[in-house]
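Computed from a prediction, not measured in an experiment: that's the story for all the values here.
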Amino acid sequence: MLDNVVIVGGGTAGWMTASYLKAAFGERINITLVESGQVGTIGVGEATFSDIRHFFEFLGLKEADWMPACNATYKLAVRFENWREPGHHFYHPFEHMPTVNGHSLTDWWLKEQPSDRFDKDCFVMASLIDAERSPRHLDGSLFEQEYVEGSKEAHGLTMSEHQGKVQFPYAYHFEAALLAKYLTEYATSRGVRHVVDTVQEVVQDERGWITSVRTDEHGELGGDLFIDCTGFRGLLINKALEEPFISYADTLPNDSAVALQVPMDMDKRGIRPCTTATAQDAGWIWTIPLMGRVGTGYVYAKDYLSPEEAESTLRKFVGPAAADVEANHIRMRIGRTRNSWVNNCVAVGLSSGFVEPLESTGIFFIHHAIEQLAKNFPSADWNPKQREIYNDAIAHVMDGVREFLVLHYIGAKRSDNQYWRDAKTRPLPPGMAERLEQWKAQLPTSETIFPYYHGLPPYSYHCVLLGTGGIQVQSSPALGLTDSGPALEEFRQIREKTDHLISVLPRAYDYFARLH
């Protein structure tokens, strides 16, 4: 029987893994998590996909349980500023894309052009965010839209099994370190053994399988399955097992970041319920509103910008509030470990792989990996097919996200310096050149995007193509032979619904002040 699991490394990845596996298998497995007291959490993973709600639901946690403890807020979209030109912005929202007469509403938008803002014409979320509205009323009820909370939605499905069935209208922002702390209490109260110690050696047998990890004060910690949550170090998967790392640097050159946690009066400032990505000379700056502070950072390529220049730019961007705030400089390893499951070791989180946080995929990668591990949890016979299935799923997700992020850069209309000009000439991931030609002729569909699950549905590609403006796209010729009346009515209903919701929904800050 395989029932002893050792997780090496804490932080968000380690404690999400421990909590999920304990919720999935209960007393049938024993979990030990060993983490060093000296290794801190990298604070760039504070924004999420809307699918993260499945994680909290699986653990039996309600928003009122965990959100106040993590200074959490809602995220209705990603707002992209200055990717097309200075002063321009667009949204990539969490919202179902309407279909009219078999064609997406964005396709109809290209033909009818009701305004110059596809995001406001095709979605409700863009205007709600601009008005800083909460998606929930003060009594906690969800605003009126297609998703019906409390419906008989299938529980226990993985994210890939959910995609296309429903679209939950928001994700979350939270402090990663506080979530790790909250989940530490959750997991240990349910029997996870927590060891604070430094791992000095990874002990392997003659086959190369891990038998134990040797620590400073607790000696050897043995187990059947070892989970590597040691971050970019990849202590088990890369160093001990020597599994190679596949770099994405040729297509995604941003390899550095500098981050600030800026205290602010959020009542006075207001909470715009979205992650903002503002294009800069050598990358982009994220802005994440939390309760009591703003998390911000400059993601950049060190070949184009020094750390000192990046920090100076970020402080100037934030203004006087950043004057006394300590900066955290981060070197990012962009790419993925070739196989995230080798022998009896599974890498989860940064040790498995990472792409720059442009679409908030760090926590998504962790969540997806944990779901796949629980679904393919090994038995004592260690059937190699389970490893193959797991490794394929992880590789597909990361390779697909890489392609989606590359689209942001080659699609960005701006070309005002060498960084942005080079973004248009870098090599493309395998298969992407052909897909690009298809997208120029017809907006992406489920048949023409990256062919494996990677968390991004076709409408996400529509938002980036229409928003960045550097790639010319066109409406389907079939629309010229199709009655446009129903599409025009859909645009009218979205405007009407938007105006109504803005009038009845509370300010985002007021909702969170009440929740907290």
Side-chain angles (χ1 to χ4, degrees), residues 1-9 13-14 16-18 20-26 28-33 156-161 199 201-213 220-230 233-248 335-354 364-402 430 450-455:
M1 184 176 178
L2 192 160
D3 58 3
N4 287 309
V5 177
V6 176
I7 301 172
V8 180
M16 283 182 67
T17 303
Y20 194 97
L21 293 181
K22 184 52 82 169
F25 302 124
R28 292 174 291 279
I29 63 171
N30 302 306
I31 300 175
T32 298
L33 187 147
L157 297 180
T158 62
M159 288 184 284
S160 60
E161 292 164 335
V199 173
E201 184 183 357
V202 179
V203 182
Q204 298 168 259
D205 64 17
E206 66 279 357
R207 301 172 301 163
W209 289 48
I210 299 173
T211 57
S212 65
V213 291
E220 290 196 22
L221 303 174
D224 302 310
L225 176 68
F226 290 80
I227 301 178
D228 186 345
C229 296
T230 62
R233 293 180 299 155
L235 181 63
L236 278 61
I237 195 77
N238 300 125
K239 292 188 176 179
L241 296 181
E242 299 182 342
E243 184 66 12
F245 183 80
I246 300 172
S247 175
Y248 291 166
R336 64 174 174 86
T337 295
R338 184 180 63 183
N339 290 301
S340 290
W341 183 346
V342 177
N343 298 342
N344 62 337
C345 174
V346 177
V348 173
L350 301 179
S351 56
S352 170
F354 186 68
F364 163 70
F365 285 155
I366 295 169
H367 183 196
H368 175 258
I370 299 168
E371 282 190 344
Q372 291 299 315
L373 177 57
K375 187 175 181 178
N376 295 285
F377 201 80
S379 59
D381 65 356
W382 292 96
N383 187 331
K385 288 299 178 185
Q386 289 169 309
R387 281 196 296 270
E388 291 176 18
I389 293 169
Y390 181 89
N391 283 328
D392 284 346
I394 301 305
H396 291 328
V397 157
M398 292 190 184
D399 288 347
V401 168
R402 171 182 60 168
F450 187 80
Y452 301 98
Y453 173 75
H454 56 291

Check your understanding: Please, which pairs that meet salt bridge (Lys or Arg N to Asp or Glu O under 4.0 Å) have at least one residue in residues 384-394, sequence neighbours excluded?
Key ->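 Output for this query lists K385-E388.
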
Atom of [X], atom of [Y] and distance for their closest heavy-atom approach:
X    : Y    : result
L2   : A380 : CB-N, 4.2 Å
S212 : E220 : OG-OE1, 2.7 Å
S352 : A347 : CB-O, 3.4 Å
A393 : Q372 : CB-OE1, 3.8 Å
H454 : V401 : O-CG2, 3.5 Å
I7   : C229 : CG2-SG, 3.9 Å

Distance from [X] atom [atom1] to [Y] atom [atom2], nearest 0.5 Å?
X    : Y    : atom1 : atom2 : value
E371 : I366 : CD    : CD1   : 12.5 Å
F226 : I210 : CZ    : CD1   : 6.0 Å
K375 : Y390 : NZ    : OH    : 13.0 Å
L373 : T17  : CG    : OG1   : 7.5 Å

**Study point:** Residues that E201 engages under side-chain contact (heavy atoms from CB on, under 4.5 Å), provided they are two or more places apart
**Key:**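 So E201 forms a side-chain contact (heavy atoms from CB on, under 4.5 Å) with V203, R214.
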
Review point. side-chain contact (heavy atoms from CB on, under 4.5 Å) with I246: which residues, sequence neighbours excluded?
Key: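 side-chain contact (heavy atoms from CB on, under 4.5 Å) list for I246, sorted by chain: R336, R338.
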
Examine distances only and state if a side-chain atom of [X] and a backbone atom of [Y] form a donor-acceptor pair shorter than 3.5 Å.
X    : Y    : result
D228 : I237 : yes
D3   : N30  : no
S351 : L235 : no
W382 : P384 : no
E243 : N339 : yes

Point to revise | Criterion side-chain contact (heavy atoms from CB on, under 4.5 Å) against I227, the qualifying member of V348, I370, I31 | key: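 In the set V348, I370, I31, the residue that makes a side-chain contact (heavy atoms from CB on, under 4.5 Å) with I227 is V348.
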
Practice item. Give a yes-or-no answer on whether the side chains of D399 and Y248 include a donor-acceptor pair shorter than 3.5 Å. Key: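 The criterion, which ignores hydrogens and geometry beyond distance, is satisfied for Y248 and D399.
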
Exercise for review: Please identify each residue that fulfils ring-ring contact (aromatic ring centres under 6.0 Å, His included) with F25, with sequence neighbours left out.
Suggested key: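 Per chain and number, F25 pairs via ring-ring contact (aromatic ring centres under 6.0 Å, His included) with F377.
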
Review point. How would you list, by chain and number, every residue that makes a ring-ring contact (aromatic ring centres under 6.0 Å, His included) with F364, sequence neighbours excluded?
Key: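 Per chain and number, F364 pairs via ring-ring contact (aromatic ring centres under 6.0 Å, His included) with F49.
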
Review point. Heavy atoms, side chains only, cut-off 4.5 Å: are N391 and S340 in contact?
Key: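 They are in contact (side-chain heavy atoms under 4.5 Å apart), so the answer is yes.
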
Practice item. Just jot down the salt bridge (charged side-chain N to carboxylate O under 4.0 Å, His left out) partners of R402, sequence neighbours excluded, or say none. Key: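 For R402, no residue satisfies salt bridge (charged side-chain N to carboxylate O under 4.0 Å, His left out) once neighbours in sequence are set aside.
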
